[in-house]
Each structure stands twice: as structure tokens, then as C-alpha cells.
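Some notes on the structure that comes next.
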Amino acid sequence: MLAALVAALLLMFSLRRCPVPTTAEDLQEPPEYLLLIHGGAGNIQRGILHDTLDVQYREGLLGALVVGHRILEAGGTALEAVEAVVMFLEDHALFNAGRGAVFTHEGRNELDASIMDGSTGMAGAVAGVTTVRNPITAARRVMEQTPHVLLIGGGAEQFAREQGLETKEPSWFFTQHRYDRWRASLEQSEGHGTVGAVALDMHGNLAAATSTGGMSNKRYGRVGDVPIIGAGTWASNESCAVSCTGWGEYFIRNAVAHDVAARMLYQNIGLKEAAHKAIHENVAAQGGYGGLIAIDKAGNYTFEFSSTGMFRGILFPDGKTVVMIYDDETETP
Ligand code: ASP
């Protein structure tokens, strides 16, 4: 049933006609719109996921792109698109964000999220929330309804309730597969499955959003890069929109998302080169791992990662979608 729906949607999209960028950084004029998503980076070699899981991840990514397509095609904003896409992935139990988040050392799910609007330079974030169904929406409310950027823990929960956002019992976030992995590796810390989206809309605006359960076994109120503006998320119409995933401490120390934008502006280099340097010359060179997705204002885009895989996808302005997992997959034929 789901497979038939996916096939029908793919066929419907492939019938639309608009200019499609072929490779990054060769664009003469910006595409009508563009959306990139990720579902986390890590040690994801071929053979590690059994076939059913491989298909389920791809269906999840495709579902998120379909949500974004509906919004961008109808003239919606990049901000609306990245929020809706991340909400979809937060509700999807396979990804490490919202429902399906990893467990802390104490066996809880603590969620972080952030969002940034490239057209205004405004940003919002929440960290360490445990009952908010969609932390990305709470992050957007922080941006739009408060003078603050980042709210944490109990205060963020109270704010979300006052805003009328949906809350859930902690059991909503529980998934057996994350629990089993956590029990099996109580001494280890791992991420995998953080979600993010970057978009360029018809109005020429950029936005970025990222959401996560963080690293499993995190302790003492640990907060990673995801809710730190400039580390895990960045968007500016002047440069680019970036959403990161990976070992968060390395992304904080290197302010990776902002570093991509800064390299473009100050070194006068393209998006792809800036992203490559930010990931490989800093994060990977220091012993970390991870990746990012990014779009610039001209519609150039990149998927950059130092790990063996990154769950990821792209929606082109003709409605064509491509989802990928392993490092040998590309979006171009
Ligand atoms: N960056 C996230 C964190 O450190 C985890 C991940 O992306 O896998 O919290």
C-alpha cells in the first residue's frame, strides 16, 4: 500500500517540468526552490542495515520530501518547509529526534532542536525537553514569540505548554529498537538519526532546522550542537543555510554551521569547498565525525560527510526526489 503510494507520488512528480540544477555550483540562475534533508550521519556501510530497514529509512526520507514539496510548490516559505519536514521526521520512530530519540545514561529521552530564518536572521532553540512532541515547533515559537534564542529544560517545557503546543508522556518517545541498543551499549556514546532540513523558497529565502535526541548515554544535562545556533544550524540569505549531524562536541568547538557561511563570505569560496573544509579540515581532522547539508542563495547545494554514510535526500524544483544512505550514492544520474 505504502509502496504503491510512493510509486504514484514519484510518477506524479516526474511529470512536472521546471529547470533542474544538475550539479552543484554550475547554476546560471537560482532554481525555483530546493530542499535538502538529512536523517543523521554515522557508520552506515552497505550490509549494516537489513533490507527492510534500508527500505523503511528511504520511505521515511521520501515522506519528508513529499511534505516539503507540497509547501514549496504552493509558494510556502523555506521556514514553513523546514519546520514541517523536521516535524514529520520527529514523529517518525526510526529517526533520533522526537519519537524514537536515543536514551540518556539515566534512561530518558531528552530532546534538542533549533531553527533559523535566513530572511530575518532570527533564530530559536530548545534543549533538554522531555514532553514536547515536536521540539522544532517549540524552537520556532521561541524565535517568534520571545525575545530569547534558547530555552532549556523545565522553562522550555512551561513555555511550550503556555503556547498550547502538544505534549506527550515520556513513553511516547520510547522505541524498543533504541532501548535495546542503549541496553546493549551502556558504556558507549553514539548518535545516528538526528534530522535536519535546509530550503530555498520561491521568494529567494533560505532557512534551516535541526532536531535530535542527542548522543545516547549522554550525562549531566549534556547539550550538543543541535540547539546551538552557529554550531548545528545556520541560515542567512546573504550566504547559505546549513544543518549538521554528528559528534556534537566537535561541531560546537568549530562552530561548523556558521563556519561554512563565514568561509564563503571571508574567503570568497563556493559552498561546496567551504563545507568540505569545515567538515574535513576541522571535525574529521580533530578525530570527530559527521556531516552537513547546505544550500546557498544561488541554489547551489552540497551533502558533505566524513562518515561512511548519511541518511539524506533532495527535492528538485521539478518535483524529482532522490534519497540516499551510503557514500557511493549520488543524486545525479
Ligand atoms: N549532533 C548530535 C549531538 O551531538 C548527534 C547526531 O547528530 O548524531 O547531539
Practice problem: Not counting sequence neighbours, which residues clear side chain to side chain donor-acceptor pair (under 3.5 Å) with T77? List them please. | Solution: none

Are the side chain of [X] and the backbone of [Y] linked by a donor-acceptor contact shorter than 3.5 Å?
X: S236; Y: G118; value: no
X: D318; Y: K320; value: yes
X: N96; Y: A101; value: no

Exercise. Take T212 and T194 through the test side-chain hydrogen bond (donor to acceptor under 3.5 Å, both in side chains) and record every step on the way to the result.
Key: CA-CA 5 Å; T212 191; T194 289; 2.6 Å; yes

Quiz item: Excluding sequence neighbours, so at least two apart, what forms salt bridge (charged side-chain N to carboxylate O under 4.0 Å, His left out) with R263?
Solution: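 Here the qualifying residues are D259.
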
Identify, with sequence neighbours excluded, every residue that meets ring pair (Phe, Tyr, Trp, His ring centres under 6.0 Å) alongside [X].
X: H203; result: none
X: F251; result: none
X: Y179; result: F103, F174, W182
X: F305; result: none

Quiz item: So among K168, E169, E157, which one has a side chain to side chain donor-acceptor pair (under 3.5 Å) with T131?
Solution: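 That would be E157.
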
Quiz prompt | salt bridge (Lys or Arg N to Asp or Glu O under 4.0 Å) assessment of E273 paired with K277 | solution = CA-CA 6 Å; E273 189 181 351; K277 288 185 169 181; 3.4 Å; yes

Selection [range] - residue pairs positive for salt bridge (Lys or Arg N to Asp or Glu O under 4.0 Å), sequence neighbours left out:
range: residues 198-214; answer: none
range: residues 38-49; answer: R46-D328
range: residues 114-128; answer: none
range: residues 142-153; answer: R140-E144

Practice problem: Show which residues join V226 in its hydrophobic cluster (side-chain heavy-atom contacts under 4.5 Å, direct or indirect), or state none. | Solution: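 Its cluster partners, ordered by chain and number, are none at all.
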
Quiz item: In the hydrophobic clustering that connects Ile, Leu, Val, Met, Phe, Trp and Tyr at side-chain heavy-atom distances below 4.5 Å, which members other than L111 occupy its cluster, ordered by chain and number?
Solution: V126, V129, V132, V142, L151, F159, W172, F173

Quiz item: For E90 and S211, does a side-chain donor sit closer than 3.5 Å to a side-chain acceptor?
Solution: yes

Quiz item: So do the side chains of I325 and L49 get within less than 4.5 Å of each other, counting heavy atoms only?
Solution: yes

Quiz item: So, are R312 and E329 salt-bridged, with charged N and O less than 4.0 Å apart?
Solution: no

Self-check item: R108 bridged to E106 by N-O distance under 4.0 Å
Solution: no

Practice problem: Take atom CG of D51 as the centre, draw a 6.0 Å sphere, and report whether it contains more than 12 heavy atoms from other residues, nucleotides or ligands. | Solution: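 At most 12 heavy atoms, drawn from other residues, nucleotides or ligands, come within 6.0 Å of this atom.
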
Practice problem: Measure up the F303 and Y301 rings against each other and bin them: parallel (under 30°), tilted (30 to 60°), perpendicular (over 60°). | Solution: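 Judged by the thresholds at 30° and 60°, the geometry between F303 and Y301 is perpendicular.
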
Quiz prompt | Partner of E166 by salt bridge (charged side-chain N to carboxylate O under 4.0 Å, His left out), out of R133, R99, R161 | solution = R133

